[in-house]
Amino acid sequence: MSVGFFAAAILIVAVNVALFYALRRYRSERGAEPRQVSGGRKVQFRVGALLTVFATILVVLGIVFTDKARETPASGAEGLQVSHSEPLQIQATGQQWLWRYDYPNEAFSYYKLVVPVDTTVSLDLVSTDVIHTWFVPDLAGKRDAVPGKHNPVVFRADEEGVFQGASATLSGQAYAAMRTEVEVVSPEEYEAFIESQKTDIQAAQDRVVGLIQDKETP
């Protein structure tokens with residue numbers, strides 16, 4: 001429901017309460033001479049004070065809800081709606097006790113997440129064992145990676161830099177060391193990072209295949 005609806009409802013209740021109070025206190029009794037109301041200014045003051053209190057509450061609520069509505073959602077479906085472009089989809093997998101990030105085009109990294117500046121990023125949080133919490137305070141709130149479920153977290157960094165993540169959920173003996181780091185770079189640096197990761201991964205895979213073939217050769 002809108003803020004305007006709540007404000008109107010509160011105002012109606014305030015007016016009715018004030019009128020009921022005035023009528024209850026100063027109405028004449030049935031079958032008797034109407035009682036002359038004395039101290040009219042005092043009555044007006046009390047009713048006016050009551051309305052002033054409610055009006056002040058409305059103003060405060062209006063400011064709070066208006067400021068809240070202007071904030072860009074940090075995560076969830078609402079975060080996707082405010083983005084002006086398709087978000088960058090990255091999967092974040094929590095496992096005891098390390099984060100793995102899978103980027104588009106089959107590149108991946110451990111511990112450190114690299115993203116381009118001024119780009120909406122949608123992390124798909126999953127877990128391979130127990131519940132882990134992804135928490136980078138300067139970018140987004142706490143979100144859990146739960147086994148068997150997908151939990152999205154959406155954020156957008158407006159400046160380049162390195163943002164530290166913290167451990168937030170007891171997930172085993174070494175949970176305190178399960179931290180992460182988000183490095184926000186220029187779009188060109190991000191593309192270079194992805195290409196470098198893909199090259200290094202392919203080279204490592206080729207070495208493993210070569211070692212296996214060497215062992216199989218008589």
Side-chain angles (χ1 to χ4, degrees), residues 72-130 132-168 171 174-175 177-217:
T72 300
S75 61
E78 293 179 353
L80 291 175
Q81 293 174 1
V82 300
S83 63
H84 299 292
S85 61
E86 199 67 25
L88 173 62
Q89 301 284 346
I90 299 174
Q91 179 169 288
T93 303
Q95 59 191 68
Q96 293 176 320
W97 288 275
L98 190 65
W99 286 102
R100 167 174 166 149
Y101 299 102
D102 288 273
Y103 305 86
N105 303 323
E106 301 180 352
F108 63 85
S109 64
Y110 288 95
Y111 173 71
K112 182 171 72 173
L113 170 65
V114 178
V115 297
V117 70
D118 294 326
T119 301
T120 301
V121 178
S122 177
L123 286 184
D124 183 23
L125 300 181
V126 297
S127 172
T128 61
D129 39 46
V130 298
H132 302 284
T133 300
W134 194 89
F135 182 39
V136 182
D138 291 332
L139 295 178
K142 296 179 182 178
R143 291 293 185 277
D144 289 336
V146 181
K149 295 184 178 181
H150 293 263
N151 192 11
V153 54
V154 180
F155 66 89
R156 179 188 178 98
D158 297 327
E159 59 181 20
E160 298 181 23
V162 177
F163 302 89
Q164 300 296 331
S167 301
S171 57
Y175 90 97
M178 188 175 177
R179 299 175 180 273
T180 191
E181 182 179 284
V182 179
E183 183 177 1
V184 182
V185 299
S186 67
E188 294 76 17
E189 290 175 311
Y190 171 76
E191 293 296 335
F193 167 78
I194 294 298
E195 290 302 319
S196 175
Q197 289 296 106
K198 290 174 59 178
T199 300
D200 293 344
I201 293 169
Q202 187 61 53
Q205 292 175 344
D206 292 342
R207 286 195 295 270
V208 171
V209 171
L211 291 173
I212 294 175
Q213 291 176 345
D214 291 341
K215 288 183 178 181
E216 292 177 349
T217 301

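Note: hydrogens, waters and symmetry copies are ignored here, and every other heavy atom, side chains too, is used.
Closest non-hydrogen pair, Arg156 versus Thr120, comes out as NH1-OG1, 3.4 Å. Looking at every heavy atom in both residues, Asp138 comes nearest to Phe163 through CB-CD2, 3.6 Å. Of all heavy-atom pairs spanning Pro116 and Pro187, the tightest one is CB-CA, 4.1 Å. What you find for Gly94 and Met178 is that their closest heavy atoms are CA-CE, 4.0 Å. Among all heavy-atom pairs drawn from Ser127 and Ala145, the shortest one is CB-O, 3.5 Å. Taking every heavy atom of both residues into account, Thr93 and Thr128 meet most closely at CG2-CG2, 3.5 Å.
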What verdict does the side chain to side chain contact (heavy atoms under 4.5 Å, CB included) test give for Asp118 and Asp158, after you've listed the backbone C-alpha separation in whole Å, the side-chain angles of each residue and the deciding distance to 0.1 Å? CA-CA 5 Å; Asp118 294 326; Asp158 297 327; 3.9 Å; yes

Assess whether side chain to side chain contact (heavy atoms under 4.5 Å, CB included) is satisfied between Glu183 and Val185, documenting all intermediate values. CA-CA 6 Å; Glu183 183 177 1; Val185 299; 3.7 Å; yes

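Residue Asn105 holds its CG atom at 8.0 Å from CD of Glu191, rounded to the nearest 0.5 Å. Between the CH2 atom of Trp99 and the CZ atom of Arg179 there is a distance of 13.5 Å, given to the nearest 0.5 Å. Interatomic distance, CD of Gln95 versus CG of Leu98, reported as 5.5 Å (0.5 Å rounding). Distance check, rounded to the nearest 0.5 Å: CZ of Arg100 to CD of Gln91 gives 8.5 Å. Rounding to the nearest 0.5 Å gives a distance of 12.5 Å between OG of Ser196 and CD of Glu189. Going from atom OH of Tyr110 over to atom OH of Tyr101 covers 12.5 Å, rounded to the nearest 0.5 Å.
Using a 3.5 Å distance cut-off with no hydrogens or angles, the side chains of Tyr190 and Thr119 do not pair a donor with an acceptor.
Put simply, the side chain of Trp134 does not reach to within 4.5 Å of the side chain of Asn151, judged on heavy atoms. Using a 4.5 Å cut-off on side-chain heavy atoms (C-beta onward), Val130 and Trp97 make no contact. The side-chain heavy atoms of Leu123 and Leu113, taken from C-beta on, include a pair separated by under 4.5 Å. For the pair Ser186/Glu160, a side-chain contact is recorded, criterion being any heavy-atom separation below 4.5 Å from C-beta on.
Within a 6.0 Å sphere centred on CD of Glu106, other residues, nucleotides and ligands contribute 12 heavy atoms or fewer.
Side-chain N or O atoms of Thr133 include none that pairs as donor or acceptor with a backbone N or O of Asp144 at under 3.5 Å.
Checked against Val121 for a side-chain contact (heavy atoms from CB on, under 4.5 Å), the options Leu139, Val153, Val184, Ile90 give a single hit: Ile90.
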